[in-house]
Amino acid sequence: MLKSTLSIIASGLFLISSCTTKAKKTEQPMSVHDSHSYAKPEEAVVKHLHLDLNVDFDKKQLSGYAELSIETNGKTNELHLDARDLTIDSVWADGDATTFQLGKQQPYIGSDLSIAIKPTTKKVKVKYSTSPNAAALQWLSPEQTAGGDFPFLFTQSQAVLARTWIPIQDSPGIRFTYSATIKCPANLMAVMSAENDTTLHNDGAYTFKMPQAVPSYLMALAVGNLKFHSYDQRSGVYAEPVTIEKAAYEFEDMPKMIAAAEELYGPYAWGRYDVLVLPPSFPFGGMENPRLTFATPTIIAGDRSLVALVAHELAHSWSGNLVTNATWDDFWLNEGFTVYFETRIMEKIYGKEYADMLTVLSMGDLRTTIKEMGPTNKDSHLYLDLKGRDPDDGMSDIAYEKGRFFLTAIEEAVGRKRWDDFLKKYFAEHAFQSITTTVFIDYLNAELIKGDKALAEKINIDAWVYGPGLPANCPVITSPAIQVAEDAAKSFLSGAKKASEIDSKDWNTHQWISFLRTCPANTSLAQMEELDKAFHFTATNNSEIKCEWLMLVIESKYKQGYPALEDFLCHVGRRKFVKPLYEAMIAKPDGKEMALSIYKKARAGYHPVTTQTLDELLNYKQQ
Ligand code: BES
Ligand code: ZN
């Protein structure tokens with residue numbers, strides 16, 4: 001595949017990046033067409049956003065103002081914003097009422113909100129409100145929270161959902177600073193992906209400032225009954241009061257992680273780094289909202305075994321938040337770099353054996369994904385073509401794991417020292433910029449490969465980025481600990497060993513995961529019973545182990561596990577868990593009924609991101 005297929009438009013030069021108080025000013029001239037946004041930044045581009053919003057739990061509505069400071073090309077009479085399911089009340093340009101048009105709403109991308117401005121306009125103010133089913137927002141009743149006494153609201157803006165709660169240029173190539181005034185019910189705390197003061201305000205009024213320019217998909221707000229636990233001067237964790245102690249214990253290595261990350265690729269650029277533990281309906285494992293990672297409570301296992309997710313979201317503070325994919329076709333620049341960086345943080349803190357164990361498990365996932373995609377599927381290229389599709393479709397193991405193994409292959413080719421020096425410089429020189437795949441490749445050629453033909457051949461950029469599947473130079477990682485678990489599973493399955501004879505007292509979560517993954521779909525009911533009796537899988541509180549076990553419960557029709565399956569699906573909304581479980585159910589001859597009967601009970605508790613996926617999967621129509 002040739003680079004000429006890239007949707008890069010060379011004309012219409014404009015400045016995409018912005019500066020901050022802390023970071024050095026780096027302005028990068030470039031123009032990239034983002035097929036998932038109506039914005040025309042080469043005509044008029046948002047530089048600062050001020051939000052003034054009221055949070056109404058009864059109406060499930062945010063309402064108020066978005067005030068946009070813009071820069072025009074001095075010619076245009078229109079500002080184009082993205083909007084989806086928003087009610088636009090009125091609009092002003094530099095204080096005067098102005099006209100606007102809301103185009104026809106399209107799936108995923110919503111409408112073009114075109115506002116009449118003058119070539120000299122500096123400020124555009126939009127009075128608006130959100131819809132109760134805005135896809136970025138989940139409004140939880142008190143019963144849907146851990147504490148049960150107060151309602152909860154959180155946003156999830158990536159990839160193109162910010163436009164369902166803010167009228168904005170919703171493209172990862174456009175960065176702006178922001179400030180906000182949020183009014184919520186007294187007793188509740190509001191936090192944002194911005195400077196937070198960590199305390200409860202009795203009047204429910206909060207102000208925020210985000211002095212560093214960020215793309216819209218990093219806009220985030222949460223409101224709930226929250227407590228804060230501090231680790232040190234720059235990091236801590238927020239959670240509901242009933243969860244805060246467990247959360248504080250689980251993430252105690254956070255300061256170490258930040259230090260390790262800084263040692264690797266340079267200073268943390270965002271001031272504070274905190275984690276917010278959300279209710280279990282949060283559709284993702286984590287979301288790298290700047291200064292405040294949003295995380296699922298399902299990583300609280302009690303033994304810190306699932307904290308790689310925090311390393312991952314923290315790593316995004318460099319790969320993603322500092323150097324950002326310019327379009328969703330370049331998604332691997334965010335996620336592949338982040339998985340690579342995450343693994344380096346894990347290795348630094350917990351050792352190479354531990355990191356390799358996680359990598360081997362991920363490689364298994366990647367191989368499965370590639371097999372399912374088939375040998376010529378273009379979705380297995382790192383550089384994607386998501387035009388006309390939901391950018392969510394790009395969220396596969398390809399961007400994450402193929403991306404990571406590409407970077408690991410380069411590391412193997414040039415050696416760690418040279419590679420780390422390169423990466424450190426890459427982050428520093430592209431800080432606060434949104435870049436395309438070609439910008440990265442050009443930089444790689446200029447700074448690392450430097451015309452060395454043998455090296456270029458060895459790395460084989462084109463095969464990785466514009467070709468399918470896994471190139472021949474894909475690194476091979478092994479893990480003795482994972483091998484032990486797989487071997488034990490095989491001896492058990494062949495009848496050579498009873499479950500009670502497996503020496504598993506020192507096994508960790510990841511060994512259990514690989515043990516269960518080695519058990520095939522046709523594990524017999526007698527074997528399932530024996531396993532459950534020996535290892536109490538049905539009763540486990542470790543979400544990753546539970547999900548693997550429940551897959552087997554479905555495959556083998558192990559009825560004793562059904563109540564646990566239903567209970568899990570009615571309490572957890574993390575898409576990575578629930579989607580495969582429903583998929584496994586409907587793949588069974590008579591499983592569709594069971595899937596639908598559980599889904600009917602569970603659906604009201606899921607986030608719009610999860611219901612969108614599952615409605616489609618189960619062909620579910622709301623009554
Ligand atoms: N940024 C992603 C989450 C995301 C990606 C949301 C695309 C919407 C669209 C986040 O950093 C992430 O990758 N989360 C993973 C966890 C990680 C450890 C692989 C998840 O939620 O599973
Ligand atoms: Zn990520």
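From a predicted model like this one, the values you see are computed outputs, not experimental measurements.
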**Asked** With a 4.5 Å limit on heavy-atom distance, are the side chains of L333 and V323 in contact?
**Response** no
Quiz item: Between the side chains of E566 and H571, does any donor sit under 3.5 Å from an acceptor?
Solution: no
Aromatic contact between W318 and F337, with the criterion being ring centroids under 6.0 Å apart: yes or no?
no
Side chain to side chain contact (heavy atoms under 4.5 Å, CB included) with F251: of V307, L309, T293, only one passes, and it is V307
| task | Taking atom types as modelled, find out whether S281 and Q138 have a side-chain donor-acceptor pair closer than 3.5 angstrom. | result | yes
The reported gap from CD in Q156 to CE in M287 (rounded to nearest 0.5 angstrom) is 5.5 Å
Paired with Y582, the ring pair (Phe, Tyr, Trp, His ring centres under 6.0 Å) test is passed by just one of Y620, F568, Y599, namely Y599
| task | Could you tell me whether the side chain of S514 and the main chain of A485 form a donor-acceptor pair under 3.5 Å? | result | no
> Does a side chain donor of either H316 or T338 reach within less than 3.5 Å of an acceptor in the other side chain?
Replying inline: yes
- Say whether N289 and S193, considering side chains only, have a donor N or O and an acceptor N or O under 3.5 Å apart. no
**Asked** Do the side chain of K546 and the main chain of T538 share a donor and acceptor less than 3.5 angstrom apart?
**Response** yes
Worksheet item: Is E250 reaching over with its side chain to a backbone N or O of G302, donor-acceptor style, under 3.5 angstrom?
Response: yes
- Message: For Y606 and R575, which I'm curious about, is there any donor-acceptor pair between the side chains at under 3.5 Å?
- Response: no
Residue set satisfying side chain to side chain donor-acceptor pair (under 3.5 Å) with N321, at least two apart, ordered chain then number -> none
query = Does the side chain to side chain contact (heavy atoms under 4.5 Å, CB included) test come out yes or no for H381 and W332, once each step is laid out?
reply = CA-CA 10 Å; H381 299 192; W332 78 276; over 6 Å; no
CG (L581) and CD (E583) are apart, to the nearest 0.5 Å, by 9.5 Å
Side-chain H-bond candidate by donor/acceptor type, Y400 with N334, under 3.5 Å: no
Separation between CD (E616) and CG (D390), nearest 0.5 Å, reads 8.0 Å
(Q) Can a side-chain donor-acceptor contact be found between N473 and W464 if the only test is distance below 3.5 angstrom? (A) yes
Margin query: Distance alone, cut at 3.5 Å: any donor-acceptor contact between the side chains of Q527 and S524?
Written below: yes
Note to self: Would you say the rings of Y558 and W549 are close, in the sense that their centroids are separated by under 6.0 Å?
What the structure shows: yes
Distance col, row I410:CD1 vs I461:CD1, nearest 0.5 angstrom, shows 6.5 Å
Y354 meets the side chain to side chain donor-acceptor pair (under 3.5 Å) criterion, sequence neighbours left out, with H510
- prompt: So with a 6.0 Å cut-off around CG of N541, is the heavy-atom count from everything else above 12?
  reply: no
Exactly one candidate in F284, F294, F282, Y238 meets ring pair (Phe, Tyr, Trp, His ring centres under 6.0 Å) with F154; the answer is F282
Here the gap from M254 atom CE to S235 atom OG, rounded to the nearest 0.5 Å, amounts to 4.5 Å
